[in-house]
Amino acid sequence: MKLTFIFDTVMLKNEQGNYYAINLNYKLWKDRYLPVFKDMIVSTRCREESDLTIKSKHAYTIVNGEHVKVLPITEYHEFTDVFFRKKRVETQLEKVIEQADCVIIRLPSPLGNLACNICKRQKKKYAIEMVACPWDGYRNHGHWAGKIVAPYMWWQTKKQCQDAARVLYVTKYFLQKRYPTKGITVNASNVMIHKSDEIVLENRIKKIENNKLHYILGLVGPLELKSKGHEIALKALAILKKEYPDIKIEFVGAGEGEKLRKIAKKLKIEKNVQIKGTIPAGEEMLHWMDTLDMLLIPSFQEGLPRVLIEAMSRGCPAAGAKTGGIPELLREEMLHKPGDYKKLASDIKAVLSDKELAKELARENFSEAEQYAKETLDSRRKKFWIDFKQHEW
């Protein structure tokens, strides 16, 4: 059976005709979908880049491969195209969907909304992967247009989930409550981690016991993306510096971070801020997490954040906003209202000043992360997709 997978990101195409993207790559297709579906068509936006430029972007990995073909929607470049070039985008999308026996559509996305409507018209079997909240995402995007678009995307996404016969949610409760469906559901996070050895937790406990005020905080996310809450972390750091003059925060993510440097300078904490750029996923990222005393996730929009679960699997204490699926992972005391940098500073101080609390959180996080072991989620997800494949439409 041939599957078409539709999502909304920007792939990069090199001179040899290969496609590259962040996270959604050939390894994912091979591990998650090809064990159930014989062939796949992957479709989203695309931009042509030189092979050398793509290789310099370490986070990008190849998308196409054996049994996986890419058919980009070349008429779709930005959000406004779904309005001003709608007919052209729809025509391309219709041809892509016609080639498939069934379709998986990742929402929220403008392209995904069009795909859902086309599947209904073509009476094509489809399912939705619901991975984030469009209301939170567009409202906190950082551009004035986001606040205008947010109500429309909220309404569209709510309608598509309600109408779908099957929806896979990445959260346990949050997205299900905001975007309910009448169809069959399963919760299976996009996070796939391998269960950490107990030695990881033992090393974390030793690190907490031996620390002497030289604390390192970490935050992961694109540096120009306002919704990740970098500015909130900086304001919290400015408060903490009064008591912990040597405390540092390390920002990991794509971008130059010039705006963040200016904010740090204004707050007189520029020497306490390090912008590290991107770190490849896998062992290198986990090693960096092992150097942290706390991970911060003060986001204004999230689904179920992979970076948080990965840090928890390393026994790393964490503090985050009451956003998306974050409250499903962290205890209430370690949560703050989005934008409340004073509460974030207070939560960080509580952990840094109390080694017993830090050790308690380390053990708690390590245990919670085990629920997201790859083997457990793979089994649940595979059963869902086999049932979808076999179910008569």
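Predicted model, so just to flag it, every value in this text is computed and none were measured.
- Atom NE2 of H287 is surrounded by 12 or fewer heavy atoms from other residues, nucleotides or ligands within 6.0 Å.
- Salt bridge status for K206 with E202: absent, with no side-chain N to carboxylate O gap under 4.0 Å.
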Stepwise salt bridge (charged side-chain N to carboxylate O under 4.0 Å, His left out) check, K2 with D39: CA-CA 5 Å; K2 183 179 287 186; D39 296 288; 6.0 Å; no

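- K262 has its side chain out of reach of K266: every pair of non-hydrogen atoms, C-beta onward, lies at least 4.5 Å apart.
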Go through it in stages, so that I can follow the logic: the residues are E250 and K248, the test is salt bridge (charged side-chain N to carboxylate O under 4.0 Å, His left out), and I'd like the CA-CA distance, side-chain angles, deciding distance and then a yes or no. CA-CA 7 Å; E250 296 181 353; K248 296 194 183 313; over 6 Å; no

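- Aromatic ring centroids of Y26 and W29 lie 6.0 Å or more apart.
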Criterion side chain to side chain contact (heavy atoms under 4.5 Å, CB included) on I348 and Y215, from CA distance to verdict: CA-CA 10 Å; I348 296 168; Y215 299 110; over 6 Å; no

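- To the nearest 0.5 Å, atoms OG (S353) and CG (L240) are separated by 10.0 Å.
- Note: the hydrophobic cluster containing V82 also contains I128 (ILVMFWY, side chain heavy atoms under 4.5 Å, direct or indirect links).
- More than 12 heavy atoms of other residues, nucleotides or ligands shown are found within 6.0 angstrom of CD on E375.
- Using a 4.0 Å cut-off between charged side-chain N and carboxylate O, R261 and E258 make a salt bridge.
- Around atom CZ of F83, more than 12 heavy atoms belonging to other residues, nucleotides or ligands sit under 6.0 Å away.
- Side-chain contact, T4 with Q99: no donor N or O sits under 3.5 Å from an acceptor N or O.
- For NZ of K355, the number of neighbouring non-hydrogen atoms (other residues, nucleotides, ligands) closer than 6.0 Å is greater than 12.
- Using bins of under 30°, 30° to 60° and over 60° for the plane-to-plane angle, the ring pair Y33/F5 lands in the tilted bin.
- Hydrophobic cluster membership is shared by L3 and I386, with clusters built from Ile, Leu, Val, Met, Phe, Trp and Tyr side chains linked at under 4.5 angstrom.
- Looking at S227, its side chain never comes within 3.5 Å of a backbone N or O of F300 through a donor-acceptor pair.
- Cluster annotation: W155 and V167 are assigned to the same hydrophobic cluster (Ile/Leu/Val/Met/Phe/Trp/Tyr, side-chain heavy-atom contacts under 4.5 Å, transitive).
- Classification of K38 and D101 as a salt-bridged pair fails, no side-chain N sitting under 4.0 Å from a carboxylate O.
- Interatomic distance, E370 CD to N365 CG, rounded to the nearest 0.5 Å: 12.0 Å.
- Minimum interatomic distance between D293 and R204 (heavy atoms only, all atoms of both residues): CA-NH1, 4.2 Å.
- At a threshold of 4.5 Å between side-chain heavy atoms, the hydrophobic network of Ile, Leu, Val, Met, Phe, Trp and Tyr places I279 and V200 in two separate groups.
- Between L295 and E310 the shortest side-chain heavy-atom distance does not fall below 4.5 Å.
- The minimum heavy-atom distance linking L377 with A188 is given by the pair CD2-CA, 4.2 Å.
- Taken together through direct or relayed side-chain contacts under 4.5 Å among Ile, Leu, Val, Met, Phe, Trp and Tyr, I97 and L114 form part of one hydrophobic cluster.
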Would you please test F37 and W385 for side chain to side chain contact (heavy atoms under 4.5 Å, CB included) and show each step? CA-CA 9 Å; F37 305 96; W385 292 131; 4.1 Å; yes

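- Under 3.5 Å, the side chains of D290 and N203 contain no donor-acceptor pair of N or O atoms.
- Judged purely by distance below 3.5 Å, without hydrogens or angles, the side chains of K226 and Q301 never pair a donor atom with an acceptor atom.
- To the nearest 0.5 Å, atoms NE2 (H230) and CD (E224) are separated by 8.5 Å.
- Counting non-hydrogen atoms of other residues, nucleotides and ligands closer than 6.0 Å to NZ of K207 gives a total above 12.
- Q16 and N14 are linked by a side-chain donor-acceptor pair at a separation below 3.5 angstrom, with hydrogens and angles left out of the test.
- Counting only N and O atoms by type, the side chains of K172 and Q371 include a donor and acceptor under 3.5 Å apart.
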Show the atom names and distances, to 0.1 Å, of all donor-acceptor pairs under 3.5 Å that link a side chain in residues 271-278 to residues at least two apart or in another chain.
residue, atom, partner, partner atom, Å
N272, ND2, P245, O, 3.1
N272, ND2, I247, O, 2.7

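- Put simply, the side chain of Y126 reaches to within 4.5 Å of the side chain of K120, judged on heavy atoms.
- In terms of heavy-atom proximity, S189 sits nearest to I309 at OG-CD1, 4.3 Å.
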Output, in order, the C-alpha distance, side-chain angles, deciding distance and verdict of salt bridge (charged side-chain N to carboxylate O under 4.0 Å, His left out) for D136 and R178. CA-CA 11 Å; D136 289 346; R178 281 201 180 182; 3.2 Å; yes

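- The pair K265-E270 does not meet the salt-bridge criterion, since no charged nitrogen lies less than 4.0 angstrom from a carboxylate oxygen.
- Proximity of L219 to P298: side-chain heavy atoms (C-beta onward) are separated by under 4.5 Å at one or more points.
- Remark: E356 engages K359 in a side chain to side chain donor-acceptor pair (under 3.5 Å) (not counting sequence neighbours).
- Taking a 6.0 Å sphere around CD of E209, one finds it holds more than 12 heavy atoms contributed by other residues, nucleotides or ligands.
- In this structure, the separation between CG on L12 and NZ on K55 is 13.5 Å, given to the nearest 0.5 Å.
- Atom CD1 of I199 has more than 12 neighbouring heavy atoms from other residues, nucleotides or ligands inside a 6.0 Å radius.
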Please assess L292 against R314 for the test side chain to side chain contact (heavy atoms under 4.5 Å, CB included), listing each intermediate value before the final yes or no. CA-CA 10 Å; L292 301 179; R314 310 305 290 182; over 6 Å; no

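- Using a 4.0 Å cut-off between a side-chain N of Lys or Arg and a carboxylate O of Asp or Glu, D378 and R32 do not qualify as a salt bridge.
- Between H336 and Y341, the closest side-chain pair of non-hydrogen atoms is not below 4.5 Å.
- Atoms NZ and CD1, on K343 and I232 in that order, are 14.0 Å from each other to the nearest 0.5 Å.
- Contact annotation: the side chain of K322 approaches that of E332 to within less than 4.5 Å [non-hydrogen atoms, C-beta and beyond].
- Taking NZ from K241 and CG from L234, the interatomic distance works out to 12.0 Å, rounded to the nearest 0.5 Å.
- Taking a 6.0 Å sphere around NZ of K389, one finds it holds more than 12 heavy atoms contributed by other residues, nucleotides or ligands.
- Between E328 and E368 there is no side-chain heavy-atom pair separated by less than 4.5 Å.
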Can you check side chain to side chain contact (heavy atoms under 4.5 Å, CB included) on Y179 and M130, steps first, answer last? CA-CA 9 Å; Y179 305 93; M130 189 61 190; 3.7 Å; yes

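- Every residue two or more places apart in sequence or in another chain was checked for a side chain to side chain donor-acceptor pair (under 3.5 Å) with T185, and none qualifies.
- Here the closest heavy-atom approach between residue E15 and residue D51 is recorded as OE1-N, 2.9 Å.
- A salt bridge (charged side-chain N to carboxylate O under 4.0 Å, His left out) with E94 is found for exactly one of K124, K87, R121, namely R121.
- Q162 has its side chain out of reach of P180: every pair of non-hydrogen atoms, C-beta onward, lies at least 4.5 Å apart.
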